[in-house]
Amino acid sequence: MSHSQPKRTDLTVRLERALLAGVVLPDEPVDGDERLAELEQLAETAGARVVGSITQRRTSPDPSHFIGRGKARELRELAGAENAHVIIFDHDLTPAQLRNLEEATDVKVVDRSELILDIFATHARSSAARVQVELAQLEYTLPRLRRMWTHLSRIEGGIGTRGPGEQQLEVDRRRVRRRISDLKRRLASIEKRRASEVGRRDNEFCASIVGYTNAGKSTLMNAVTGAGVRVEDKLFATLETRTRHWDLPGGRRVLLSDTVGFIRNLPHHLIASFKATLEEAKNADLLLHVVDASHHEAEHQIEAVNSVLEELGCAGSRILIVLNKYDAVEDLAHFNVLAAAHPGAVVISAATGDGLQGLARAVAEEMSQGVMEVKVSLPASEGRLYALVRQRGNVLSEGLTGERIQMRLRISRPDIERIRRSFPSLEILPDSPDVLEDAQAW
Ligand SMILES: Nc1nc2c(ncn2[C@@H]2O[C@H](COP(=O)(O)OP(=O)(O)OP(=O)(O)O)[C@@H](O)[C@H]2O)c(=O)[nH]1
Ligand SMILES: [Mg+2]
């Protein structure tokens with residue numbers, strides 16, 4: 001079938017019949033079928049109906065069409081035969097490749113980042129998430145506006161004008177740039193607000209649930225806190241951070257956050273825009289890295305999550321691996337390899353509740369990690385600080401010198417770090433052990 005109207009005025013694939021296209025390059029960790037299966041899940045999450053797929057093995061992408069020209073012709077025929085309106089590529093394409101592919105196939109072409117951005121745009125509920133997604137979309141779109149110009153010039157050329165396309169493109173670009181700076185301003189104020197919220201939580205132990213999309217993060221959140229977060233067998237069901245208290249047996253309390261899931265090659269602009277949302281993870285005392293242990297690509301998903309964490313600046317955080325969906329494990333040998341590779345991991349089923357007590361124990365242990373003896377000094381007038389130190393630490397001795405109170409106490413490293421962050425007037429005396437060297441640098 002032939003489409004004479006512009007194809008990329010609208011990148012959404014909702015309700016459209018879609019073909020998937022993938023290229024298998026050497027040295028890619030995840031195999032082609034698995035990647036196409038994930039792309040199919042993404043396409044369906046975005047609302048498309050997948051009607052066929054094509055893959056090609058290549059040593060490197062074709063610079064002009066990504067796939068070979070012959071394959072592009074094959075795609076055109078298949079699109080015609082299957083009455084497809086869109087071809088979704090399992091890669092990110094350059095603006096030129098997109099343009100060439102649309103010309104060669106005569107249908108709309110969408111790349112993997114655009115597809116993920118479309119899903120995020122559809123799922124974003126809060127105003128913060130909407131701003132973040134729109135910003136990511138515009139930043140990804142701006143360098144691709146050339147194609148819009150092609151379409152615009154085609155339309156305007158039809159009514160007999162010469163060269164207005166270039167002008168229109170300039171107008172479009174300016175409009176987009178203005179919108180981008182407007183969104184950035186709004187995002188900055190959201191970030192400021194969030195930072196002050198995070199600041200208020202400084203005296204609590206914060207744990208963030210992170211993990212590949214669909215790993216069961218929200219199910220875990222609901223199971224331990226009764227939060228009522230939406231759970232779905234869909235990618236990117238959660239786009240907003242939810243935070244709730246989790247009371248551990250034994251009386252300790254954790255502030256637990258559930259947030260957006262990660263995926264292999266998460267579009268870079270999206271990570272940048274979601275930094276504010278993902279800030280929780282960055283400031284957390286502990287990350288619970290939830291893994292779908294029943295998935296055959298679990299190990300690659302762990303790696304993908306680790307690389308996003310690195311990009312977010314969380315590489316140095318304490319991480320507890322949580323192997324979830326144990327109830328759904330079919331290949332026990334495969335599971336055993338996974339478990340053996342992560343000896344400190346806790347095995348659970350968030351859906352049935354199995355293993356949650358063990359998880360609570362492991363978290364409690366993390367909380368009391370690194371208990372040490374320190375000497376501190378604080379102004380006698382700071383009643384709140386004094387109360388907090390007494391509540392968190394185990395006071396061994398205490399004395400008053402002038403206007404300051406000196407204390408020797410046993411306290412966990414995360415606790416003393418947190419208190420110190422919120423109360424700069426707390427002084428850690430130099431003859432305290434190890435922490436204190438780093439303490440000077442805080
Ligand atoms: N069998 C089984 N299914 C589970 C378990 N935990 C979660 N699920 C299912 O896995 C799917 C995804 O669960 P979610 O909790 O939404 O996953 P998520 O990690 O929050 O996903 P996103 O927010 O989309 O990134 C749902 O269909 C859950 O019912 C489990 O322990 N066992
Ligand atoms: Mg979720």
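Every number for a ligand or one of its atoms is a count from 1 in the order of the listing.
Regarding atom 17 (O) of ligand 1, its nearest protein heavy-atom neighbour is G216 N, 3.1 Å. Ranking protein heavy atoms by distance to atom 19 (O) of ligand 1, first place goes to K217 NZ, 2.6 Å. T219 OG1, 3.3 Å is the protein heavy atom nearest to atom 7 (C) of ligand 1. In this structure, the protein non-hydrogen atom closest to atom 28 (C) of ligand 1 is V231 CG1, 3.6 Å. Distance from atom 11 (C) of ligand 1 to its nearest protein heavy atom, with residue and atom name: N214 OD1, 3.5 Å. Scanning the protein for heavy atoms near atom 8 (N) of ligand 1, the closest one is K325 CE, 3.6 Å. When only non-hydrogen protein atoms are considered, atom 23 (O) of ligand 1 lies nearest to T238 OG1, 2.8 Å. Protein heavy atom in closest approach to atom 16 (O) of ligand 1: E232 N, 3.2 Å.
Contact annotation: the side chain of I116 never approaches that of Y140 to less than 4.5 Å [non-hydrogen atoms, C-beta and beyond]. When side chains are defined from C-beta on, L220 does not count as touching L256, because their heavy atoms never get closer than 4.5 Å. Within the 4.5 Å cutoff, no side-chain heavy atoms of L75 are placed close to those of V107. Inter-residue side-chain proximity for L286 and M367 is flagged as unmet; no heavy-atom pair is nearer than 4.5 Å. When side chains are defined from C-beta on, Q132 does not count as touching I190, because their heavy atoms never get closer than 4.5 Å.
Listed by number with element, the atoms of ligand 1 under 4.0 angstrom from any heavy atom of T213 are 22 (P), 24 (O), 25 (O).
The aromatic rings of H91 and F66 sit tilted relative to each other, their planes meeting at an angle between 30° and 60°.
Between R264 and E297 no salt bridge is recorded (no basic side-chain N to carboxylate O distance below 4.0 Å). Using a 4.0 Å cut-off between a side-chain N of Lys or Arg and a carboxylate O of Asp or Glu, E74 and K71 qualify as a salt bridge. Note on K108 versus D118: no salt bridge recorded, every NZ/NE/NH1/NH2 to OD/OE distance being 4.0 Å or above.
Heavy-atom distances between K234 and ligand 1 reach below 4.0 Å in at least one pair.
With hydrogens and angles left out, the side-chain atoms of S257 and T243 include a donor and acceptor closer than 3.5 Å.
Minimum interatomic distance between H123 and L235 (heavy atoms only, all atoms of both residues): CE1-O, 3.9 Å. For the pair D327 and S349, the tightest heavy-atom approach, listed with the atom from each and the gap, is OD1-OG, 2.8 Å.
Between F236 and ligand 1, at least one N/O pair is under 3.5 Å apart. Ligand 1 has no nitrogen or oxygen under 3.5 angstrom from a nitrogen or oxygen of R230. Polar contact check, V260 against ligand 1: no nitrogen or oxygen pair lies under 3.5 Å apart. The shortest N or O to N or O distance between N324 and ligand 1 is under 3.5 Å. Residue T352 places no N or O, backbone or side chain, under 3.5 Å from any N or O of ligand 1.
Angle OG(S218) to the Mg ion (ligand 2) to OG1(T238), rounded to 10°: 90°.
If you check each of A350, A223, S218, A293 against atom 31 (O) of ligand 1, the one with the closest non-hydrogen atom is A350. The heavy atom nearest to atom 22 (P) of ligand 1, considering only G261, G353, A328, A237, is found in A237.
Of the heavy atoms in D327, only side-chain atoms (C-beta onward) come closer than 4.0 Å to ligand 1.
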